[in-house]
Amino acid sequence: MRGSWRRYGEGPWPWLAAGSVALSLLMLLALLLLLATRGLGHFWPAEVAVVTPHAGSPFAGIAVREEASPGDTRRERLYFTANRDLEGGRWRWIELGEIARIDYPAELVMMERSRWGDLVGRLVALEGEGESHVGEAAWPALQARLKALERLRDERNRLRDEVVMPLVRRLEAVDSDEARAALVAANGRIRELQAAMGGATLIVESADGRRVEQPLEEVLRAWRPNAMTLSDRVVAWGEGVWRFLSEGPRAANSAGGVWPAIFGTMLMVLLMSLVVTPFGVLAAIYLNEVAHQGVLTRIVRIGVRNLAGVPSIVFGVFGLGLFVHGIGGSLDEWFFSERLPSPTFGTGGLLWSSLTLALLTLPVVIVATEEGLTRVPDHQREGALALGATRMEMLTRVVLPMTLPAMLTGMILAVARAAGEVAPLMLVGVAKLASRVPVDGDFPYLHLERKFMHLGYHVYDTAFHGDDVQAAMPLAFATALLLVLVILMLNLTAIFLRHHLRLRHEVPSRV
Amino acid sequence: MIDSRPPPSLHLRRRRLRDRLATLLITAGGIGVLVSVLAIGVFLALEVIPLFLGADAIDTDALWRPQPVEGAAEPRHRWRPESLGEASPAHYGMLPLAWGTLKAALWALLFAVPLALGAAVHSALYMPRRLRARLKPTLELMEAMPGVVVGFIAGLLLAPWVELHLTATLLLVVTLPLGVVLAVGVRGLLPSPLGRRLPLGWAGVWLMPWLLMVGAITLWLAPWLEAALVGGDLRGWLAATLGLDYAARNAMIVGVAMGFAVIPGIYALAEDALNGVPDSLAEGAQALGATRWQTLWRVVLPAASPGILSAVMIGAGRAVGETMIVLMASGNTALMTLSPLEGLRSLSATIAIELPEAAVGGTHYRLLFLAALVLFLFTFLVNTLAEVMRTRLRRRYQRREGGA
């Protein structure tokens with residue numbers, strides 16, 4: 001055995017070691033590819049098939065995947081059939097052998113509704129306001145009506161969020177006739193808009209011939225997937241991605257977008273970096289520039305390492321105990337006692353989450369800044385001191401400017417770490433669905449005590465707590481992809497900065 | 001000359017004062033970090049003390065010993081924090097949770113340590129410098145993958161897939177290493193210019209498509225092998241002959257997912273340790289005629305072993321504390337088996353699930369704080385030990401290089 005291996009060098013072990021590199025890279029690649037395809041594919045307007053089985057009535061649906069049925073050689077295909085109000089469910093498995101015919105009729109219409117999810121079928125007529133469009137004429141009429149509806153809906157939502165809600169909150173604080181009148185007027189306008197939106201009805205025929213009367217005001221969008229050209233699809237895909245990024249979630253997080261989660265995540269990491277950067281930098285300067293390199297610095301360094309190794313959930317428990325129930329509870333007793341027993345700061349919120357994550361990411365900033373400080377050549381310091389600068393002047397004028405990229409790297413890495421951390425947030429302030437974002441037009445504009453939504457928690461919640469996990473999966477994939485993209489971008493920036501920094505300092509020290 | 005220096009001007013004095021103030025501030029910042037680390041431990045301990053002292057103290061034996069459980073003849077370990085009426089009190093046996101934590105970490109390390117150490121050895125000894133400069137940041141990106149995403153993929157995609165393809169998954173453990181060995185054989189048979197295009201240093205890259213192919217072939221062969229060896233039903237066979245139950249979300253899935261998460265950390269530290277060994281040692285061995293692998297095995301690895309051990313320990317600390325992956329991929333059933341095919345419930349996942357609902361200050365609440373304290377102490381111990389080992393190693397080689 002030994003002799004035969006000699007021909008190939010040093011035996012199989014080095015190759016197996018190389019294989020483990022290959023396998024690790026493969027796993028990473030597979031994960032990224034999976035996220036990219038599943039996450040982005042969700043927005044592609046897929047073709048809708050009308051499947052006619054050998055026995056039973058036809059149905060319309062989008063093919064999702066195929067699987068071998070367990071303990072059997074036959075294969076089954078899963079279709080997303082929508083029409084939950086008609087069928088009771090949205091999914092249908094069918095064995096491939098049972099399918100007699102598959103068509104892709106161009107006139108099939110798919111609709112996104114505010115209730116019951118999607119609807120798929122043939123458009124029979126659009127009725128309402130004394131008009132009736134039948135057959136082919138119904139499609140252009142529907143599109144025109146939907147555009148008008150969207151304008152009305154936007155105006156109503158704007159009125160409700162920007163006029164009515166602030167007025168209601170003002171009236172809660174002080175009663176004034178003027179505000180009362182404004183509220184009545186706004187409510188009247190909303191009622192008018194509501195009336196203008198109602199009235200029209202769509203008559204849709206499902207693939208098996210049943211007719212549904214669909215009130216038009218519940219329809220959000222309508223498209224004919226089989227009649228779309230490639231460019232239509234690309235445009236529709238782009239619109240889908242934009243809606244995902246800019247809208248709020250609907251239907252218990254199983255549809256709609258993730259804008260509040262993006263906003264919450266960004267705001268939280270922003271607050272966190274405001275807290276963590278100064279402390280991290282101070283600690284790093286202490287370790288590297290001020291303290292004697294003795295027992296104490298060694299212990300502090302071990303402490304920093306330890307802080308990096310403490311499980312994130314422990315930070316969450318600490319945050320819950322100290323910040324939320326300890327400090328938050330006392331704050332409530334001192335300043336918000338009129339609202340007790342409903343807590344203000346004594347419950348999870350934005351502030352406590354940022355502080356908890358700041359503690360969690362402290363070692364990241366310290367380690368990165370320290371690395372930057374050690375790379376500043378000693379002759380720079382000695383030069384500054386020789387010219388009569390005090391230590392502080394030497395630090396602020398010479399050393400720290402050179403360390404700036406390193407501090408930035410540390411901050412970016414801390415933000416990347418914090419953006420992906422979910423476990424502690426589950427204890428100190430993340431919400432499944434925050435009714436109000438933490439920033440709005442009410443004084444003091446930034447509401448640190450409010451709960452917020454978070455991308456990572458959104459993934460966990462949609463994937464594990466929905467009533468139809470299968471339907472929420474694409475959304476969870478898209479959210480996960482977004483989160484991973486944000487974190488990868490941050491990390492790549494940090495890697496680039498660090499590389500840049502190394503190059504900058506290596507050249508003069510060699511000269 | 002020095003004596004004739006003029007008395008410090010007001011300006012200079014102000015500068016010195018500012019200097020002293022800033023130094024004070026910085027020192028406070030540095031000490032503050034240390035204090036905050038200690039504060040976590042002290043605070044958790046303070047919250048836990050009422051469990052053991054005072055009026056509300058509980059029976060500590062109940063935490064670690066089997067307790068009588070209704071519906072079972074023998075006392076058992078059970079974690080069920082909510083009481084279901086008079087006849088069925090709450091059970092606070094923490095042993096199943098500790099067991100689940102260690103079991104998850106064990107399977108994760110079984111998966112991650114060979115891969116991470118293999119990767120570290122390969123990149124430290126065989127890889128060209130240019131490729132290594134690319135590999136390190138790539139694996140850093142792998143470390144940055146949020147646990148919630150890894151857990152999501154593991155729990156909702158990997159677990160159902162493995163349930164359908166259990167035979168293929170188990171076969172992969174054998175076929176992938178065999179595939180690598182086979183690749184070396186095939187490469188030896190290739191005409192030499194082609195074989196030279198596939199050097200060992202780049203094997204980490206060119207083995208990727210090969211391994212993908214091996215995996216595909218394994219998948220394709222698995223149903224036949226399953227039919228031939230165990231009569232077409234591996235899970236039934238496992239249950240009948242070995243008495244192993246199968247749960248869709250099990251320790252194997254957790255091991256793979258958490259292994260994925262801890263590989264980059266172990267890799268980075270182990271590679272540092274291998275690179276920290278002075279070149280003179282390896283050069284001496286090679287000059288005496290040792291191959292690179294012999295050099296590694298007899299010289300470099302023993303020299304770097306404390307560093308590598310500390311890398312594994314830090315990986316273990318990470319695996320013990322990881323929450324989201326275990327929470328999403330393990331099924332969260334508090335069992336006390338070692339079987340990789342059954343679920344588990346870890347301390348960290350229990351905290352994440354139950355603490356938001358526990359009554360503040362109650363026994364359940366304090367027990368979950370105790371769980372956090374246990375996790376904290378465990379990782380504190382492991383990390384301190386690993387750090388001490390690492391610094392000692394570094395200083396040893398610094399001295400040696402300095403003396404040379």
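A note on names: the letters A, B, ... follow the listed sequences, proteins ahead of strands, and every chain is numbered from 1.
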Original post:
Is any side-chain heavy atom of N383(B) less than 4.5 Å from a side-chain heavy atom of R305(A)?
Top reply: no
Original post:
Is a donor on one side and an acceptor on the other found under 3.5 Å between the side chain of S20(A) and the backbone of A119(B)?
Top reply: yes
Original post:
Can you say whether L176(B) sits under 4.5 Å from chain A via the side chain, the backbone, both, or neither, judging by heavy atoms?
Top reply: side chain
**OP:** Might you work through the side chain to side chain contact (heavy atoms under 4.5 Å, CB included) test for W15(A) and V181(B), ending with a clear yes or no?
**Re:** CA-CA 7 Å; W15(A) 295 95; V181(B) 173; over 6 Å; no
Subject >> Contact winner vs chain B - L287(A), L413(A), L492(A), L31(A), heavy-atom pairs under 4.5 Å >> reply: L31(A)
Original post:
With only heavy atoms counted, which part of F318(A) is less than 4.5 Å from chain B, the side chain, the backbone, both or neither?
Top reply: both
**OP:** Pick one of side chain, backbone, both or neither for L28(A), based on which atoms fall under 4.5 Å of a heavy atom in chain B.
**Re:** both
**OP:** Carefully, step by step, assess L320(A) and E47(B) under the rule side chain to side chain contact (heavy atoms under 4.5 Å, CB included).
**Re:** CA-CA 12 Å; L320(A) 180 78; E47(B) 286 281 311; over 6 Å; no
**OP:** Rounded to the nearest 0.5 Å, what's the gap from CG on N288(A) to CD1 on I26(B)? Could you check?
**Re:** 11.5 Å
Original post:
How long is the gap from CG on L156(B) to CE on M473(A), to the nearest 0.5 Å?
Top reply: 5.0 Å
Subject >> Side-chain touch R38(A)/I153(B), heavy atoms, less than 4.5 angstrom >> reply: no
**OP:** Decide side chain to side chain contact (heavy atoms under 4.5 Å, CB included) for L355(B) and I313(A); before the verdict, give the C-alpha distance in whole Å, the side-chain angles of both, and the deciding distance to 0.1 Å.
**Re:** CA-CA 11 Å; L355(B) 193 51; I313(A) 188 80; over 6 Å; no
Original post:
Roughly how far apart are L25(A) CG and M208(B) CE, rounded to 0.5 Å?
Top reply: 5.0 Å
Subject >> Considering all heavy atoms, the nearest G456(A)-V148(B) contact >> reply: O-CG2, 3.4 Å
Subject >> Between CZ on residue R15(B) and CD on residue E393(A), distance to nearest 0.5 Å >> reply: 4.0 Å
Original post:
If you count heavy-atom pairs under 4.5 Å with chain B, which of A284(A), A416(A), P363(A), A476(A) comes out on top?
Top reply: A476(A)
Original post:
So which of W202(B), Y267(B), F260(B) has the largest heavy-atom pair count under 4.5 angstrom toward chain A?
Top reply: F260(B)
Subject >> Top of T384(B), I314(B), L375(B) for chain A proximity - count of heavy-atom pairs under 4.5 angstrom >> reply: T384(B)
Original post:
For chain B, which of A18(A), G420(A), A419(A) has the most heavy-atom pairs under 4.5 Å?
Top reply: A18(A)
**OP:** Examine whether an atom of V310(A) lies under 4.5 Å from a heavy atom of chain B, and if so say whether it belongs to the side chain, the backbone or both; otherwise answer neither.
**Re:** both
**OP:** Using a cut-off of under 4.5 Å on heavy-atom pairs, state which of G303(A), P278(A), G321(A) scores highest against chain B.
**Re:** G321(A)
Original post:
Under a 4.5 Å heavy-atom cut-off, does chain B meet the side chain of R301(A), its backbone, both or neither?
Top reply: neither
Subject >> Close side-chain approach of W13(A) to L296(B), heavy-atom, < 4.5 Å >> reply: no
Original post:
Can you tell me how far the CG atom of L35(A) sits from the CE atom of M145(B), to the nearest 0.5 Å?
Top reply: 7.0 Å
Subject >> Exercise: identify the closest heavy-atom pair between V484(A) and P146(B) >> reply: CG2-CD, 4.2 Å
Original post:
In terms of heavy-atom proximity below 4.5 Å to chain B, should L23(A) be classed as side chain, backbone, both, or neither?
Top reply: both
Original post:
Is there a side-chain contact between T391(B) and I302(A) (heavy atoms, below 4.5 Å)?
Top reply: no
Subject >> Contacting region of L29(A) [heavy-atom separation from chain B under 4.5 Å] >> reply: side chain
Original post:
Between V21(A) and M127(B), is any pair of side-chain heavy atoms under 4.5 Å apart?
Top reply: yes
Subject >> Closest non-hydrogen atom pair, G29(B) against L282(A) >> reply: CA-CB, 4.4 Å
Original post:
Of the backbone (N, CA, C, O) and the side chain (C-beta and beyond), which part of L483(A) lies under 4.5 Å from a heavy atom of chain B, both, or neither?
Top reply: side chain
**OP:** Determine the minimum heavy-atom distance between L200(B) and P14(A), stating which atoms define it.
**Re:** CD2-CB, 4.0 Å
Original post:
Is the closest side-chain heavy-atom distance between I263(B) and M27(A) below 4.5 Å?
Top reply: yes
**OP:** State, to 0.1 Å, how close V422(A) and M324(B) come at their nearest heavy-atom pair, and which atoms those are.
**Re:** CG1-CE, 3.8 Å
Subject >> Interatomic distance, F477(A) atom CZ to F152(B) atom CZ [nearest 0.5 angstrom] >> reply: 4.5 Å
Subject >> Interface moiety of I366(A) toward chain B, non-hydrogen atoms closer than 4.5 Å >> reply: side chain
**OP:** Could you check if a side-chain atom of L359(A) sits within less than 4.5 angstrom of a side-chain atom of I40(B), using non-hydrogen atoms only?
**Re:** yes
Original post:
Is chain A contacted by the side chain of S36(B), its backbone, both, or neither, given a heavy-atom distance below 4.5 Å?
Top reply: side chain
**OP:** Tell me, out of G19(A), P424(A), A22(A), A283(A), who's got the most heavy-atom pairs with chain B below 4.5 Å.
**Re:** A22(A)
Original post:
What are the two closest non-hydrogen atoms of T379(B) and N306(A), and how far apart are they?
Top reply: O-OD1, 3.9 Å
**OP:** Count the heavy-atom pairs under 4.5 Å between each of W210(B), W297(B), Y365(B) and chain A, then report the option with the highest count.
**Re:** Y365(B)
